[in-house]
Amino acid sequence: MSCSPVGLRFRVLSIAGLACVLCAVSVGAAGEQPVSFVNDVVQVLTKSGCNSGACHAKAGNGQNGFQLSLLGFEPREDFEHLVKEGRGRRLFTLAPEQSLLLKKASGQLPHGGGIRLEYSSPGYALLRDWIRQGAVYDNDSDPKFVSFELQPSRGSLKPNDQQQLCAIARYSDGTSRDVTESALYESSDSAMAEVTPQGLVKIQDISGNVAIMVRYQGHVAVYSASVPLGAPVEYVPPAKNFVDELVFSNLKEIGVPPSAVCDDATFLRRVSLDIGGRLPTAEEVKRFLADEDVNKRDRIIDALLQSSDYADFFASKWTALLKNRRDDTSDIVSNFAFHSWVRDSLLANKPYDQFVRELLGATGSVIGNPPVAWYKRVKDPKQQIEDVAQLFLGVRMQCAQCHHHPFERWSQDDYYSLAAFFTQVGRKPSSTRGEDLIFHKRGIAMATNVKTGVRLKPAALGDPAPEIMPDEDPRLRLADWMSSPQNPYFAKSLVNRYWKHFFQRGLIEPEDDIRDTNPPTNPVLLAALEKHFISSGFDLKDLVRTLTRSQTYQLSEIPNAHNIADRQDYSRYYPRRLQAEVLLDAIDQLTDSPTDFPNLPPGTRAVALPDNSYNRSSMFLRVFGRPEGESVCECERVQSSSLAQSLHLINSGEMKSKLANPNGRAERLAKEEKPVDEKIRELYLSAFSREPRPDELKTAIDFLTEPQVGADGQPVDAQKAARENFQDLIWALINTKEFLFNH
C-alpha cells in the first residue's frame, strides 16, 4: 500500500468492494530520494513499536540500555542514542544489513521484543537505505512535517461493513505523502469497530458511534463513524427541552427507538437518589403518587434542589474529589471547615466559576477562609496543576511532566508553563495548630522545565497569559482564563461530569479525559449543554434541573427489542448500583436503625460525612468502596460488585444488628395492630417507592402468617415469630437488585 517514491502518482484504494479513496502523492525528482530521519526513520520505529512505553521508551534508561523517546516526540535525542551511543555499534554504514539495529529488529539476532520488521518489509528497506546513505540527521533545509489529514474523516457504516482509511501528510515544501502504512491506528471501542495496522476499519454488529484515532509524527486525527441500527423509530416522547431534541434526533438518525417514559414511582425513587442521595419516605411516595398535577415531576425536582439533602450529597462528591481527607488529628479543623464551605456553596447555589475562583485564589487561614484547606492537601505546584487540569478542565497532564503527551498536543513546556501559575504560593505557620497561612509571594511567576532547564512564564494550555506583574497573584489570572466563555474545557468538563452523574455514562468517557482523540458520542449535545451552562452564569442547580426535567432522563430502564445493546446513545436509563454512602443510608432508613458515627450528632447521614476518616470505623463504607480522597479521579470510588459486598449484606453482624434493633422497623411492625397487608405495603413503599404487585403481596402475606415451629416441635411465641419474620422480609428486600440499584 505504499506510494511510488518517484514523481507524482495517484493511487486508488478499493477494499472489499468499498468506495474508493483518491490519494495524491508528490515527491521529488527521479532517482533515489534521501531518507529523512525525522520524517521516515522515526515513523518506522514508531510503527514497529520500538519507541512505545513498554519497549525502548520505557522510563529509566529504556530497554537494555537503549533509550528512545516516547513515540518519537524527541527525534534529536533518538538520533543521538541510535547513532552515537554504544560506540556506534548499532549501525554499520559500510554493510547496512550487518547493523545491529536491523539484525535484532528482523530476528536475525536474539531480541527480547521479537521480530519487529520482516526482512522483506518496506520498513526494513527504508532503514537499510538510511544507513547506507550515511545515517545522517536532517538538514535545516529539509521539508518539515506541517499537517496531517485523514480521508475520509467521517462516515456512516452498516454493521459488518469495512472502510479503508487514507492518511496524508503535508510538508513545508508543498509536497504531500501517503502515510497510511506508517500511521498508527486505535479504536475507541473494539467491541464496535476494529482497525488493522494498515488502516482498514472493520465494523462489528453493535450500533452507535465509534472513533478511530490515527497518529502520525506527533499529530493525531480522528475518523468518526456512526453505525445505524436501522430500526424504525416510530415514536419518541414529546421533547421537554433541547436535551431531548438532540438525543432523540440522534436516535432517529441511527435507528434506535427509545424506551417508554418511566412511571411516577420509578421517577420519584430515581430523582431522589440522584439529587438528594436518599430514598423517598413512604409518606412522600403516597403523596406523590396521589398528586394529579401534570407538573408534579418538575416540582419535586425543585423541592429536592432546595433541600439540604442536595447540598449534603453533592458536597460528599466534591470534597472527595478535592481530597478533603484526614491523615491525623490536626486535620479536623480544616476538614470540617472545608466541607462546610463546599456544602454551603452548593446550598446557596454559588456560581461554579466563583466556586473555583475562591478555591484556586484562596489566601489566609482556614478559620477565616476555608478554601485554603485545599492547599494543605495539594502542596506541590506540579500536583496542583495536575489536579486542577484533570478536575476542572478534564485534561490529564500527568504524562506531559516527563515527555510529550502520547494522546494530546501537550508538551513538557505546556506542563511547566501551567505549573508556573502556582509557583508564587507562599505558606507559613498560623495560630491554628497544624494549619498554614497561605499567601501570594511577591515576584515574577516562573517554572523551570527540568529537562531543558528553560525558565517558563505562566501560560494556560497553549494560551499565553498577559504580562503578570510581581504584585499580582497569577492564580487569579488562571481563574480568569478558566471561566472565560471562550475556554474550550472548563464548562465542557463540568457538564460532562454532571451528565455522567445522572446518566451513568459521560458523553465523553472517562469524564475527565477530554481530548481531540476521545470525541463525544453526541458532540452537538455536549456543545449545547456547554453553551447553556455558560449562558446561565455557571448555575449548577439550573444544570441539574435541565438534565432531570428532560424526558431522556425519565426514560424507563426496561429495554425494548432494539435498544438492549445501547450503552452510549441514552435510548433508555442505565441502572447503576447505589454508592456506598447512599446505600448505607437507604438500609438505615428501611430498617429504621441509623448508623452512629464517632463525634457526630445522632442521625448524621453517611452522605453528610465530612471526610474519609469515618471509613475506618465503618466496615460497610470500606467494603462498598467509599473513596479515601487520594485522587481527583471519580474512578477511586468503587462501583463494581464483589463477594465481600454480597457476604456483608447477607450475613454481617452489622446487618443483623440493624434488623434486630429493638427500636427498628421490624420490631415496630411486629407490635403494631394493623392489617398485615398494610405493613407489607409500607415496606414496599419504603424500599422500592411502589406498591407490591399482587403476587408479591400474596407471597409476603403467606410468609408472615405461616405458623412457626421451633426445633422442639412446639409453636414459636407469636410475637417472637412476627419479629423474626419481619426481619427476614426486610433482609430479603435489601438483597434484591431493585433495592441495590438506581433504575
Side-chain angles (χ1 to χ4, degrees), residues 1-51 71-73 75 116-118 120-130 133 138 142-155 157 161-187 193-202 211-225 516-517:
M1 293 179 62
S2 61
C3 295
S4 169
V6 180
L8 178 64
R9 178 179 177 183
F10 291 89
R11 181 167 64 95
V12 177
L13 300 174
S14 180
I15 304 295
L18 299 179
C20 297
V21 180
L22 191 63
C23 302
V25 183
S26 174
V27 295
E32 184 182 53
Q33 297 296 304
V35 180
S36 164
F37 180 80
V38 175
N39 296 329
D40 299 319
V41 173
V42 171
Q43 302 319 306
V44 172
L45 298 176
T46 302
K47 183 75 172 183
S48 303
C50 303
N51 54 21
L71 301 177
F73 286 121
R116 312 308 300 178
L117 283 172
E118 295 290 346
S120 59
S121 68
Y124 181 96
L126 190 144
L127 290 183
R128 182 195 59 209
D129 291 347
W130 174 68
Q133 292 173 9
D138 298 5
D142 289 347
K144 302 296 188 296
F145 174 78
V146 293
S147 66
F148 179 46
E149 179 185 345
L150 198 60
Q151 298 176 356
S153 60
R154 299 187 62 85
L157 303 175
D161 268 0
Q162 296 182 349
Q163 171 67 59
Q164 175 65 45
L165 303 180
C166 185
I168 306 296
R170 306 196 186 280
Y171 296 88
S172 57
D173 62 353
T175 61
S176 59
R177 229 164 124 190
D178 180 354
V179 294
T180 304
E181 285 280 358
S182 305
L184 295 178
Y185 303 88
E186 182 179 348
S187 173
E194 295 179 346
V195 59
T196 69
Q198 292 74 37
L200 178 62
V201 180
K202 300 178 180 180
I212 304 297
M213 180 181 71
V214 186
R215 183 193 295 116
Y216 182 78
Q217 204 166 326
H219 290 234
V220 291
V222 175
Y223 169 72
S224 300
D516 295 340
T517 53

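All values below were derived from every heavy atom in this structure, side-chain atoms included, with hydrogens, water molecules and symmetry-related copies excluded.
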- Item | Results of side chain to side chain contact (heavy atoms under 4.5 Å, CB included) for Thr196 - residues two or more places apart only | Gln198, Leu200, Lys202

- Check: Ser36 main-chain N/O paired with Asp138 side-chain donor or acceptor under 3.5 Å: no

- Query: Backbone N or O of Ala169 within a donor-acceptor pair of the Ser176 side chain at under 3.5 Å?
  - Reply: no

Nearest heavy-atom neighbours spanning [X] and [Y]:
X: Val35; Y: Val41; result: CG1-CG2, 4.1 Å
X: Ser187; Y: Ala193; result: OG-O, 2.7 Å
X: Ala211; Y: Val222; result: CB-CG1, 3.7 Å
X: Tyr223; Y: Gly155; result: OH-CA, 3.7 Å
X: Tyr171; Y: Pro143; result: CB-CB, 4.1 Å

- Set of residues satisfying ring pair (Phe, Tyr, Trp, His ring centres under 6.0 Å) with respect to Tyr216, sequence neighbours excluded: Phe145, Phe148

- Considering residues at least two apart in sequence or located in another chain, which fulfil the side-chain hydrogen bond (donor to acceptor under 3.5 Å, both in side chains) criterion with Asp173? Thr175

- Query: With sequence neighbours left out, what residues match Glu149 under side-chain hydrogen bond (donor to acceptor under 3.5 Å, both in side chains)?
  - Reply: Gln151, Arg170

- Query: So among Leu184, Ile212, Val214, which one has a side chain to side chain contact (heavy atoms under 4.5 Å, CB included) with Val195?
  - Reply: Ile212

- Item | Test salt bridge (charged side-chain N to carboxylate O under 4.0 Å, His left out) applied to Asp40 - qualifying residues, sequence neighbours left out | Arg177

- Query: Looking at side-chain heavy atoms only, is the closest gap between Gln163 and Pro152 below 4.5 Å?
  - Reply: yes

- Inter-residue atom distance Glu181.CD - Gln43.CD, 0.5 Å rounding: 13.5 Å

- Query: CG/Leu150 to CD1/Ile168 distance, rounded to the nearest 0.5 angstrom?
  - Reply: 9.0 Å

